[in-house]
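See below for the structure under consideration.
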Amino acid sequence: MDYNFSEIEKKWQARWAKEKPFKAENNSTKPKYYVLDMFPYPSGAGLHVGHPLGYIASDIMARYRRHKGFNVLHPMGYDSFGLPAEQYAIQTGQHPALTTQENIQRYREQLDKIGFSFDWDREVRTSDPEYYKWTQWIFIQLFNSWYNKESDKAEDIKTLIAEFEKKGNSAVNASCDEGTKKFTALEWKAFSEKKKSDVLMHYRIAYLGEAYVNWCPALGTVLANDEVKDGVSERGGHPVERKLMKQWSMRITAYANRLLEDLNKIDWPESLKESQRYWLGKSVGTSLRFQLKNSEDKIEVFTTRPDTIFGVSFLTLAPEHELVEKITTAEQKNQVTDYITKSKNRSERERQAEVTKVSGVFTGAYAEHPFTGNKIPVWIGDYVLAGYGTGAVMAVPGHDSRDYAFAKNFNLPIPEVVQGGDITKESYDAKEGKLINSDFLNGLEVKAALKNSIEEIEKRGLGKSKINFRLRDAVFGRQRYWGEPIPVYYKNDIPYVLAENELPLVLPEVDKFLPTEDGEPPLARAKNWKYKGEFEYELTTMPGWAGSSWYFLRYMDALNDKTFADRTLSDYWQNVDLYIGGSEHATGHLLYVRFWTKFLFDLNHISVDEPAKKLINQGMIQGTSAMVYRVNNSNKIVSAGLKNNYDTTSIHIDVNIVENNVVNVEALKKWRDDFANAEFELEDGKLLAGSAVEKMSKRWYNVVTPDLICQKFGADTLRLYEMFLGPLEQSKPWNTNGITGVSGFLKKLWRLFYQNNTFTVSEEEPTKAELKTLHKTIKKITEDIERFSFNTSVSNFMICVNELGEQKCNKRAILEKLILLVSPYAPHIAEELWESLGHTESISTAPFPEFNEAYLTEDSFIYPVSFNGKTRFQLDLSATLTAQEVEKIVMENEQISKYLEGKTPKKIIVVPKKIVNIVI
RNA sequence: GCCUGGGUGGUGGAACUGGUAGACACGCAGGACUUAAAAUCCUGUGCUUUCACGAGCGUACGGGUUCAAGUCCCGUCCCGGGUACCA
């Protein structure tokens, strides 16, 4: 019987669906192992061959751990709220729920065909009210909490109110909005309901606040920082502008330091940790006040270089800085107003694109140098960001390249205060050298000067040392339809959250998925959608990252309608042991999920404060695009090798009609109308295509689906081949050049069990050689899996099968162990052969073979004998010989003299069972 | 610019703590079976040189450490990914 993959795979996929051998136990004496995959957004395009790469790796791990006696949690679900389904709904009127449902179905079919061992009984969908009920519940907890810097954790807002009632807010050390005013207990008690609500908003972790946001007019919504790339929206590429808006936000900044510190305790790739560190952007510096001349006001700046204080030659404020209007003199008024209008209207994109272009304007105002008393001009410039630090900088052009460019452009003085550079050419930013022109700091090294200057600044009460983070609070409201409704209603203009028993607040039906005529979000279209029929609900919905910030917890207890996850279960499952996902979520999802995990930990709802112990980034599988070359102003297509003879334009064509760079011309003619009657100029009778490595995308017609490969070669081949392509973490372009090698391997494996088309397995005792082949393989495969080196496993399987083929081995004792090894990688063929061997239970929980060192010990070792490091010949010697004995035998060998050239060896190095090196 | 990962045959890639570089696979060449093809099997395959035995050169480039370097150290170049006025 030949290896019939399609029949076998269909059979086992049906069996697994029915018998559920991959069900994770909630009550088990086995050790637990939690393997999680990246949460997929079910897009309309379906899966391409790049998506399953990580899923295959994690599935191998899950199956391996089951063999090793673990209770494995390996779930899958869908991040099913999001923009694409909604954009599609706007265009077609089709409800996003419907589109989402269809897409999920397609995903499921594709996933099933690859033979993953997911526990589908735990499937979650973020757009399911049974799921988002708990997303809303977590929002309510966030709303009802504040961050206590003393205990360094989130606490119930009630403890804060109690404190206000006792002592007001002056003794409270909380993460709160800048500029929150002080009040006494008496004042607090006298505040109106509305005023109290407003004050508490400055403290809540989920809060309604005014902030500059990324407004995307084309999408009609605000976006979080990580959803904006190069000044355009990540989804769709629409321009984004800055706008001051009242928005629901998350006080993630309260967690900045813990998010940073705890990176040290998780096993994540260094590059990913580094981008989180950078995004969090901790910087230690000093805040420092400059007194304005002829004014009561002071300008507060933040600097990391207080040592260069004597090098300050001007101050720069962000155009949005609150003092700008107040301090601008009459004669500068027009210029300043012009500049502010100009920089406001400039999109973020323009602003970023013109980074090298210096712009700014003088306000006419002067400040006083805190040490020298010198007059310092105050400028505004949009290289200073309103949202960072204090929105104002002390400019030290001699030692800061941005200030330098500004000073050069406007002819401002550039004093030198640190020796070591040539400031006539460029600024000297390095933190090295001796201080000069700096009064009491003169002669000190930068490091000492830093310490000294801070002490002096604090002593004189000019400022104090301060830690700043680049991280901003995350905007949480979206002016969109397809997301979780925020469980808030308004009574007398005061926001209230719903009670737990009123959840879920179900997404209402609307007639259109667009904003209303007066610019309100789509939810304003919902008829009679009011709390208790009376109070307005919040009209924005949650962002895409809300549901994905806690899904790993829901898998532990997916069907619970009493709580988001039962505490005994979350205590048992703890957190994810292995997460495999792409690096593109480094500064978005993977920060938010850490934030929510820490928050739930603080409130004692879970016992872990990190979502995943170990994380691996799988590389991206790029597409290999194919193109043909059309001679300009004609309908002639020329083969790639001839394109330089003409003036041509390249046109992307479907990669699925190209094989080994040769275009199937008939298929091409059918593929697009304008090729139907084109003229073709071939080389060697073939139309060769050009190729390029690009992102796999519909746009480039280079998408290859796993379905196609499963149909042609089978899921087991697909799984093995994706692993065989190279190391998991490495990005690589997709090509099927080597796939026949992998499918050939499975056929060879199959044939070990068959003779003359009959299943034939011998019960004989295996030979020493056969045992050695097997145990060598057990050892290698175990090591490979443990270090996630799946590509080398595939090679080792091939070597093993080749050797057993040569040994003509068909002994049960060997083959039974072999297919157990193969089973995590190619589960269908393994189940089938396992059954043929007479087993009635699924192979999936059979114990993994253990290797026995005794079978691997060699009696002899072939020593390479080298002279000055160059290998000249080999000697087969007993493995038990000592170094001295080896040396003696080698030196007595007749081949030695040929290479010694009559000289006496200076030194002889013998490393037992490694090498012999003779130095002459 | 900064942070990261990488550079090994015609190709994808092996080489775990320094110890025979190129495992395994593709491709290519030759052969067997076949009327023929597919499938399968066998042999060869880093480059140069040699009928052959062999010799020389080889892990981006230039140095260094070592008996021994793809692997460790210093410098340079190139490619991929991330990020960007964060004071």
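Any value given below was found using the heavy atoms of this structure, including those in side chains, with hydrogens, waters and symmetry copies removed. Reminder, nothing fancy here: chain letters follow the sequence lines and each chain counts from 1.
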Closest to side chain of [X], choosing from [options]:
X	options	value
Ser795(A)	A23(B), A87(B), C67(B)	A23(B)
Ile799(A)	A21(B), A23(B), A39(B)	A23(B)
Ser271(A)	C41(B), U4(B), C16(B)	U4(B)
Gln874(A)	G27(B), U20(B), C16(B)	U20(B)
Thr303(A)	G13(B), C67(B), A87(B)	A87(B)
Glu783(A)	A87(B), C16(B), A25(B)	C16(B)

Please tell me if [X] has a side-chain N or O lying less than 4.0 Å from either OP1 or OP2 of [N].
X	N	answer
Gln730(A)	G80(B)	no
Arg751(A)	C41(B)	yes
Arg872(A)	G56(B)	yes
Ser283(A)	A87(B)	yes
Asn791(A)	C24(B)	no
Asn802(A)	A25(B)	yes
Tyr383(A)	A87(B)	no

Practice task
Determine the contact category for Leu725(A): base if any of its heavy atoms lies under 4.0 Å from a base atom, sugar-phosphate if only primed atoms, P, OP1 or OP2 are that close, otherwise nothing.
Solution key: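 It contacts sugar-phosphate atoms only.
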Practice task
Tell me what Phe745(A) touches on the nucleic acid: a base, only sugar-phosphate, or nothing, going by heavy atoms under 4.0 Å.
Solution key: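 Since no nucleic acid heavy atom lies under 4.0 Å of Phe745(A), the category is nothing.
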My understanding is that a pair needs two contacts under 3.5 Å, Watson-Crick or G-U wobble. By that rule, which nucleotide pairs with [N]?
N	result
G56(B)	C47(B)
G5(B)	C79(B)
A84(B)	none

Problem - Distance in Å, Arg289(A) CZ paired with Ile457(A) CD1, rounded so as to fall on 0.5 Å steps - result: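 One gets 11.0 Å once the value is rounded to the nearest 0.5 Å.
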Problem - Phe314(A) CZ to Met394(A) CE distance, which is reported to the nearest 0.5 Å - result: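 Here the rounded value is 11.5 Å.
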Exercise for the section: For this output row, return yes or no: ring centroids of Tyr721(A) and Trp734(A) closer than 6.0 angstrom. Expected result: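 Yes.
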Exercise for the section: Take the angle between the ring planes of Trp750(A) and Tyr3(A) and call it parallel below 30°, perpendicular above 60°, tilted in between. Expected result: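 Trp750(A) vs Tyr3(A) ring planes: tilted.
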Practice task
Using only heavy-atom distances, decide whether a donor-acceptor pair under 3.5 angstrom links the side-chain of Asn737(A) to the base of C26(B).
Solution key: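 No pair found.
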Practice task
Using a 90° cut-off around 0 for syn, call G10(B) syn or anti.
Solution key: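 Because its glycosidic torsion lies more than 90° from 0, G10(B) adopts the anti conformation.
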Problem - Heavy-atom neighbours of Lys273(A) NZ exceed 12 at 6.0 Å - result: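 Counting neighbours around NZ of Lys273(A), more than 12 heavy atoms of other residues, nucleotides or ligands fall under 6.0 Å, so yes.
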